[in-house]
Amino acid sequence: MQARGGLSSARPQRRGKTTLVSLSPTAARAAAESLAEELDIGEWLDRRALPEGRGLSGGIRRLTAFAMAVAAPTPLVILDEPTNDIDAARRRLLWQAVRRRGDAGAGVLLVTHNVAEAERIVDDLVVLHRGEVVAAGSPARLRGTTGSDLCLELQYAPDAVVLEAADGGPLPFPTRRTVRSGRRVLHTVPTDAAAAAITWAATLRERELIDGYALGPATLEDAYLALTSSDVDDAEPVSTGTEAAHV
C-alpha cells in the first residue's frame, strides 16, 4: 500500500463536472499509516506488490483497495463484496472502519451476498432478485417479524418427504411464515410457541424423519429466503418499502 501514485497531487483536480480529491505526499503518507493501523495491515505498508497483485493474499489486496478508496475524505463510498477473502479478525476491523465513516456522515453503498453481515452493518437495504427490487427498508422492517420471534430450522435427509407435522396434519403451533429451501424448512414462530415447536421437532428427530433442527432468533436471512423463494407460506406478509439502501 504505497503512499504515492494517485494520492500525490497537491490540490483538487477537475475533469468536467467531476472533482478528484487528492492529497499532498505528506498527507497521503499520514493517511496510509493511519489506515494501515486501523486495518492491521502495517507490515505490508511499504511492500510493493508485483504485477496483478501477486505477492499479496486476496484478503490483503481487498483491504488495500478499501484503504485506497477512503484515504481521501469522500461523501460516498461504494463497496462491492468488500470482505471476500478477508480473515475473521480483519473483517471485523473493516466493518468497524465502514461504520465509522458512515457515522461521520459519508454515504456507503454496499453490495453483498452475505446476509448475516448486512444485517449487522447496514441501516437500510434493498433486496434484488433476478435483476428486480423485491423489497427495501431497514433490516428489522424486512424481517417482518416482532423483535421476539424465533426461527425453527429443520434439516431433512436428501430422500425425506417434507411433512407439515409428525402425523401429517397441521402444525401443532402457530407460525408467522414458513420457507422451504432445498432440504431446509424454516418456520418463524412467536416466542410463546417455542416449547411446542421444540417438542414437535424433537419428535421428528426421534422418528428419524429429519436429520436435525435448531431454534434461534429470526434473522434477515430468513426474510431473504422468503423474499426470493418460490415456496413460501406467509401468515403475515413481509413488509416492503421504497427507501434507498445506505449504511
Side-chain angles (χ1 to χ4, degrees), residues 59 81 83-92 95 110-122 125-130 132 134-240:
E81 305 285 1
T83 60
N84 281 5
D85 303 321
I86 299 177
D87 63 84
R90 290 189 177 90
R91 186 183 306 127
R92 178 172 295 182
W95 284 131
L110 170 67
V111 179
T112 182
H113 287 87
N114 191 320
V115 180
E117 287 188 337
E119 184 167 19
R120 291 194 298 269
I121 190 65
V122 305
L125 54 88
V126 170
V127 178
L128 297 174
H129 181 54
R130 296 180 178 176
E132 296 184 358
V134 294
S138 67
R141 186 175 183 180
L142 264 64
R143 280 197 298 268
T145 64
T146 68
S148 60
D149 282 346
L150 300 172
C151 179
L152 175 66
E153 177 179 341
L154 306 178
Q155 185 75 31
Y156 284 83
D159 57 349
V161 176
V162 176
L163 302 176
E164 289 301 314
D167 59 1
L171 292 171
F173 52 87
T175 62
R176 302 195 189 283
R177 178 171 58 222
T178 296
V179 181
R180 298 172 181 82
S181 178
R183 293 168 54 195
R184 298 169 63 202
V185 177
L186 309 175
H187 297 290
T188 302
V189 301
T191 303
D192 56 10
I198 284 294
T199 299
W200 175 71
T203 300
L204 294 183
R205 182 68 184 88
E206 290 172 1
R207 296 175 59 183
E208 298 184 349
L209 296 175
I210 58 174
D211 281 347
Y213 63 90
L215 183 71
T219 67
L220 186 60
E221 181 182 11
D222 307 329
Y224 175 79
L225 290 173
L227 289 163
T228 59
S229 173
S230 59
D231 197 354
V232 181
D233 299 326
D234 261 319
E236 295 182 3
V238 177
S239 300
T240 61

Legend entry - Asp211/Arg205 ion pair, N-O < 4.0 Å: no
When rounded to the nearest 0.5 angstrom, what is the spacing between [atom1] in [X] and [atom2] in [Y]?
| X | Y | atom1 | atom2 | answer |
| --- | --- | --- | --- | --- |
| Cys151 | Arg177 | SG | CZ | 8.5 Å |
| Leu215 | Leu152 | CG | CG | 6.0 Å |
| Ile210 | Arg183 | CD1 | CZ | 11.5 Å |
| Thr219 | Asp149 | OG1 | CG | 11.5 Å |

Inset, instruction - With sequence neighbours excluded, tell me which residues meet ring pair (Phe, Tyr, Trp, His ring centres under 6.0 Å) with Phe173. - result: Trp200
Inset, instruction - Dump the intermediate steps for side-chain hydrogen bond (donor to acceptor under 3.5 Å, both in side chains) on His187 and Thr175, then the final yes or no. - result: CA-CA 6 Å; His187 297 290; Thr175 62; 5.4 Å; no
Restricting to side-chain contact (heavy atoms from CB on, under 4.5 Å), what partner residues turn up for [X], sequence neighbours left out?
| X | value |
| --- | --- |
| Asp85 | none |
| Pro174 | Pro190, Ala193 |
| Arg120 | Ala116, Glu117 |
| Thr112 | Glu81, Leu110, Asn114, Ala118 |

Inset, instruction - With sequence neighbours left out, write down each residue that passes salt bridge (Lys or Arg N to Asp or Glu O under 4.0 Å) with Asp192, or none if nothing qualifies. - result: none
Inset, instruction - I would like to know whether Leu125 and Leu220 meet side chain to side chain contact (heavy atoms under 4.5 Å, CB included); could you show each step before the answer? - result: CA-CA 11 Å; Leu125 54 88; Leu220 186 60; 3.5 Å; yes
Inset, instruction - Name all residues meeting the side-chain hydrogen bond (donor to acceptor under 3.5 Å, both in side chains) criterion together with Arg184; count only those two or more places apart in sequence or in a different chain, and write none if there are none. - result: Glu153
Inset, instruction - Please lay out, stage by stage, how Tyr156 and Leu204 fare under the test side chain to side chain contact (heavy atoms under 4.5 Å, CB included). - result: CA-CA 10 Å; Tyr156 284 83; Leu204 294 183; 4.3 Å; yes
Inset, instruction - Determine whether Thr188 and Leu186 make a side-chain contact, defined as any pair of heavy atoms from C-beta on separated by less than 4.5 Å. - result: no
Inset, instruction - Measure from the side-chain N and O atoms of Arg91 to the backbone N and O of Ile86, and report whether any donor-acceptor pair falls under 3.5 Å. - result: yes
